[in-house]
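A short write-up of the structure that comes next.
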Amino acid sequence: MQVNVEITSSQIFKDHEAGESHKCLGEITYHNNGTVLEFTEKYEEQELKFKMTILEEKIITKRNGQDMIFDLKNKNKSKLVTPYGDINLEVTTKKIQISKQASQIKQIYLEYEIELENGERYDNIVKIGIN
């Protein structure tokens, strides 16, 4: 089913915070063993195509060929693909909260830490509203 998606994200560094908010159209499909949310976010001059597989205890995100797994039980390694080259990173998920109305997902809330290969760490908070 077609949905409106609003993504708000905050990056919290040692000495400052950054954030952004975007709205786009998406498609959500409910299955017996999980839910798939797909949307394309326009960011600067890029189109980022997201596919999120939402399971009971983890969320698997694919964005333009990059995979990130948000799992409360396990740290996950990933690679950030940038125009300047790839950066290895590790994701530590701190919180996953999925709010539903009846059986439909209305909001996804994620808190996680990213550690870059150079040792820099920062926290992320992402809220995805679905209507």
Side-chain angles (χ1 to χ4, degrees):
M1 108 174 67
Q2 192 170 28
V3 291
N4 293 307
V5 180
E6 184 171 353
I7 306 106
T8 304
S9 65
S10 300
Q11 295 75 42
I12 303 161
F13 300 91
K14 289 179 188 173
D15 56 354
H16 72 285
E17 286 187 32
E20 57 198 28
S21 185
H22 300 275
K23 293 181 181 180
C24 56
L25 290 175
E27 187 79 26
I28 193 163
T29 309
Y30 293 92
H31 303 279
N32 289 337
N33 56 350
T35 302
V36 176
L37 174 63
E38 295 181 84
F39 57 91
T40 301
E41 180 181 8
K42 293 184 182 183
Y43 177 72
E44 294 177 355
E45 307 234 347
Q46 307 175 54
E47 282 194 354
L48 304 174
K49 294 180 187 245
F50 283 84
K51 180 178 181 180
M52 299 180 78
T53 303
I54 304 153
L55 305 170
E56 267 189 52
E57 295 188 11
K58 69 179 168 181
I59 297 175
I60 302 163
T61 301
K62 294 178 183 276
R63 178 183 80 179
N64 290 21
Q66 172 190 348
D67 295 353
M68 288 183 82
I69 299 173
F70 302 99
D71 183 345
L72 290 168
K73 295 180 182 177
N74 300 298
K75 290 182 179 185
N76 288 279
K77 296 190 183 297
S78 185
K79 192 174 286 203
L80 180 61
V81 179
T82 75
Y84 312 105
D86 297 349
I87 301 171
N88 293 315
L89 57 93
E90 186 172 80
V91 177
T92 303
T93 305
K94 297 178 176 182
K95 187 173 187 176
I96 298 173
Q97 187 173 9
I98 299 171
S99 302
K100 294 183 178 183
Q101 188 175 50
S103 61
Q104 295 186 348
I105 296 174
K106 292 298 178 185
Q107 186 178 54
I108 299 167
Y109 177 88
L110 291 169
E111 278 184 35
Y112 57 97
E113 179 187 73
I114 287 184
E115 182 176 355
L116 302 174
E117 63 186 35
N118 65 4
E120 183 179 352
R121 293 176 185 219
Y122 60 95
D123 289 325
N124 280 289
I125 297 173
V126 177
K127 296 176 191 172
I128 301 172
I130 302 166
N131 291 312

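The side-chain heavy atoms of I7 and V126, taken from C-beta on, include a pair separated by under 4.5 Å. V3 has its side chain within reach of L37: a pair of non-hydrogen atoms, C-beta onward, lies under 4.5 Å apart. A 4.5 Å side-chain heavy-atom check between D123 and E111 finds every atom pair outside the cut-off. Annotation: side chain of Q107 is in contact with side chain of K127 (closest heavy-atom distance under 4.5 Å). Residues I128 and V5 have side chains in contact (heavy-atom distance under 4.5 Å, counting atoms from C-beta outward). The side-chain heavy atoms of Y112 and I96, taken from C-beta on, include no pair separated by under 4.5 Å.
Of the inter-residue distances, the one linking K58 atom NZ with L72 atom CG reads 11.5 Å to the nearest 0.5 angstrom. Remark: K49 NZ to Q66 CD distance equals 16.0 Å, nearest 0.5 Å. Note: I130 CD1 to N4 CG = 10.5 Å, rounded to the nearest 0.5 Å. Atom CG in N124 sits 8.0 Å away from atom CD1 in I12 (nearest 0.5 Å). Atom CD of residue E113 and atom CZ of residue R121 lie 5.0 Å apart, to the nearest 0.5 angstrom. With values rounded to the nearest 0.5 angstrom, M68 atom CE is found 12.5 Å from D71 atom CG.
Of the possible polar contacts, one joining the N64 side chain to the E47 backbone as a donor-acceptor pair under 3.5 Å is found. In this structure, Y30 contributes its side chain and I105 its backbone to a donor-acceptor pair below 3.5 Å. Looking only at distances, a side-chain donor or acceptor of E117 sits under 3.5 Å from a matching main-chain atom of N88. At least one donor-acceptor pair closer than 3.5 Å links the side chain of N76 to the backbone N or O of N74. The closest donor-acceptor contact from the side chain of E17 to the backbone of Q11 lies at 3.5 Å or more, if one exists at all. With hydrogens and angles disregarded, a donor-acceptor distance shorter than 3.5 Å links the side chain of S78 to the backbone of D67.
L80 and I114 end up in the same hydrophobic cluster when Ile, Leu, Val, Met, Phe, Trp and Tyr side chains are linked at under 4.5 Å. The hydrophobic clustering, which links ILVMFWY residues whose side-chain heavy atoms are closer than 4.5 Å, places L48 and L110 together. Linking Ile, Leu, Val, Met, Phe, Trp and Tyr whenever their side-chain heavy atoms come within less than 4.5 Å puts I28 and I59 in one cluster. Linking Ile, Leu, Val, Met, Phe, Trp and Tyr whenever their side-chain heavy atoms come within less than 4.5 Å leaves L89 and I60 in two separate clusters.
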Discussion item. Working note: I98 + T35, criterion side-chain contact (heavy atoms from CB on, under 4.5 Å); need CA distance, chi angles, decisive distance, verdict.
Written reply: CA-CA 11 Å; I98 299 171; T35 302; over 6 Å; no
Worksheet item: What's the verdict on side-chain contact (heavy atoms from CB on, under 4.5 Å) for C24 and K42, showing C-alpha distance, side-chain angles and the deciding distance?
Response: CA-CA 8 Å; C24 56; K42 293 184 182 183; over 6 Å; no
Worksheet item: salt bridge (charged side-chain N to carboxylate O under 4.0 Å, His left out) between E38 and K51: does it pass, once the steps are laid out?
Response: CA-CA 4 Å; E38 295 181 84; K51 180 178 181 180; 5.2 Å; no
Practice prompt. Please report the C-alpha distance between M1 and Q104 in whole Å, then the side-chain angles of each, then the deciding distance to 0.1 Å, and finally whether the side-chain contact (heavy atoms from CB on, under 4.5 Å) criterion is met.
Written response: CA-CA 11 Å; M1 108 174 67; Q104 295 186 348; 3.2 Å; yes
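Taking the six-membered ring where the residue is Trp, F39 and F50 present parallel rings, their angle staying beneath 30° rather than reaching 60°.
Annotation for K100: atom NZ does not count as buried by contact number, only 12 or fewer foreign heavy atoms lying within 6.0 Å. Residue-environment remark: CG (N32) stays at or below the threshold of 12 foreign heavy atoms within 6.0 Å.
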